[in-house]
Amino acid sequence: MPGELRGRLTDLFRWVDPGPGSSHLVSDTSGWWRDPQVLAALGPALVAPFRDARPTVVVAPAVTGLMLGPLAATALGVGFVVAHKPGDGRLPTGPLTWAQSPPDFRGRRIDLAVREHLLGPDDRVLMVDDWVATGAQAQAVREICTARGASWLGVAAVVADCPPEVARELGVRALLDAGQLR
């Protein structure tokens, strides 16, 4: 299914011109979420390279991670933890461990937080996301894992668009390279 999945992902992907005033095209992945075959295959395909590392938890940043994270966690038979962003309006109560990302592809620094009681020293963390461009959010999640004493396994992504050295440093494994999306 991985070859078939890659084909479906590329077929269902679109670059969209957001209109006047925009300096770049925007990725439209909405076709992925509408396709039941893609949904069924994404979790197992994302976690396949990490299965032997025996993750104990999947962490994913809001918002797209709220869809992909549970698919990956279910495929592994482990739990899921959200890396919250204060700007998304869903910041939980209670003790949180925070980290701020380095600048992302737009130059923004993103604050991320995880509920402290959900990550600990016995955890082996797999991060899941749809797109890794600079690795900024992954660096922040890895920092949170380190602060909580958890072990970092890497990042399972649908698309990698980051430099090879960033992919190596963060352990990024992706189903597609951004160059495959036309």
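Keep in mind it's a predicted model, so treat the numbers as computed, not measured.
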Handout entry: Side-chain heavy atoms of Ser101 within contact of Gln139, under 4.5 Å
Key = no
Exercise for the section: Output the distance between atom OG1 (Thr146) and atom CH2 (Trp152), rounded to the nearest 0.5 Å. Expected result: 8.5 Å
Exercise for the section: Kindly work out whether a path of hydrophobic side-chain contacts (I/L/V/M/F/W/Y, heavy atoms less than 4.5 Å apart) joins Trp98 to Ile144. Expected result: no
Practice task
Quick one: pull up CZ in Phe80 and CG in Leu71 and give me the separation to the nearest 0.5 Å.
Solution key: 9.5 Å
Handout entry: Residue pair Gly69 / Ala60: nearest heavy atoms and the distance that separates them
Key = CA-CB, 4.1 Å
Practice task
Report the C-alpha separation of Arg109 and Asp111 in whole Å, then their side-chain angles, then the decisive distance to 0.1 Å, and conclude whether the side chain to side chain contact (heavy atoms under 4.5 Å, CB included) test is met.
Solution key: CA-CA 7 Å; Arg109 292 183 178 271; Asp111 293 316; over 6 Å; no
Completion exercise
Taken to the nearest 0.5 Å, the spacing of Arg115 CZ from Leu91 CG works out to 9.0 Å
Problem - Sidechain N-carboxylate O distance under 4.0 Å for Arg8, Asp35 - result: yes
Practice task
With the side chain counted from C-beta on, respond yes when Val38 and Leu12 share a heavy-atom pair under 4.5 Å apart, and no when they do not.
Solution key: yes
Handout entry: Cluster overlap Val58 with Leu66, hydrophobic side-chain contacts below 4.5 Å
Key = yes
Exercise for the section: Of all the heavy-atom pairs spanning Ala45 and Leu5, show the shortest one and how long it is. Expected result: CB-CD2, 3.4 Å
Problem - Single-linkage hydrophobic cluster, 4.5 Å side-chain cutoff, Leu76 and Met127 together - result: no
Fill in the blank from the handout: Taken to the nearest 0.5 Å, the spacing of Leu96 CG from Leu112 CG works out to 11.5 Å
Practice task
Please answer: with hydrophobic residues joined when any side-chain heavy atoms are less than 4.5 Å apart, are Val141 and Val78 in the same cluster?
Solution key: no
Exercise for the section: Taking the side chain as every heavy atom from C-beta outward, state whether Arg148 and Pro121 have any atom pair closer than 4.5 Å. Expected result: no
Handout entry: Heavy-atom side-chain contact between His117 and Pro95 under 4.5 Å
Key = no
Handout entry: With sequence neighbours excluded, residues passing ring pair (Phe, Tyr, Trp, His ring centres under 6.0 Å) with Trp15
Key = Phe13, Trp131
Handout entry: Cluster link Leu68 to Leu9, ILVMFWY, side chain under 4.5 Å
Key = yes
Problem - Expected output: side-chain Thr10 to main-chain Gly7 donor-acceptor under 3.5 Å - result: yes
Problem - Donor-acceptor under 3.5 Å (Arg108 side chain, Phe105 main chain) - result: no
Practice task
Indicate yes or no for a side-chain donor-acceptor contact from Arg124 to the backbone of Ala53 under 3.5 Å, with no hydrogens or angles considered.
Solution key: yes
Exercise for the section: Side-chain contact test, heavy atoms from C-beta onward, threshold under 4.5 Å: evaluate it for Val125 versus Pro55 and give yes or no. Expected result: no
Exercise for the section: Taking all heavy atoms of Val155 and all of Phe50, pick out the closest pair and write down the distance. Expected result: O-CZ, 3.6 Å
Completion exercise
Residue pairs passing the ring pair (Phe, Tyr, Trp, His ring centres under 6.0 Å) test with at least one member in residues 153-182, sequence neighbours excluded, are none
Handout entry: Side-chain touch Leu181/Leu176, heavy atoms, less than 4.5 angstrom
Key = yes
Problem - Within-4.5 Å side-chain heavy-atom neighbours: Val158 and Val128 - result: no
Problem - Minimum-distance pair of heavy atoms, taken over all atoms of Val26 and Pro18 - result: CG2-CG, 3.6 Å
Exercise for the section: Would you tell me whether Asp123 and Thr56 have side-chain atoms, one donor and one acceptor, within less than 3.5 Å of each other? Expected result: yes
Handout entry: Point-to-point distance, once rounded to the nearest 0.5 Å, from CG of Leu42 to CG of Asp130
Key = 10.0 Å
Problem - Main-chain N/O of Leu175 paired to Arg6 side chain as donor or acceptor, under 3.5 Å - result: yes
Practice task
List the atom of Pro102, the atom of Ala136, and the distance in Å for their closest heavy-atom pair.
Solution key: O-CB, 3.3 Å
Practice task
Check whether any side-chain N or O of Lys85 sits under 3.5 Å from a backbone N or O of Ala62 as a donor-acceptor pair, and report yes or no.
Solution key: yes
Quick one: side chains of residues 160-170, donor-acceptor pairs under 3.5 Å with protein atoms, not counting sequence neighbours, listed by atom name and distance.
unit_1: Glu169; atom_1: OE2; unit_2: Arg142; atom_2: NH2; d: 2.8

Completion exercise
Rounding to 0.5 Å, atoms OG (Ser151) and CG (Leu126) come to a distance of 12.5 Å
Handout entry: Shortest non-hydrogen contact from Arg51 toward Ala75
Key = NH2-O, 3.2 Å
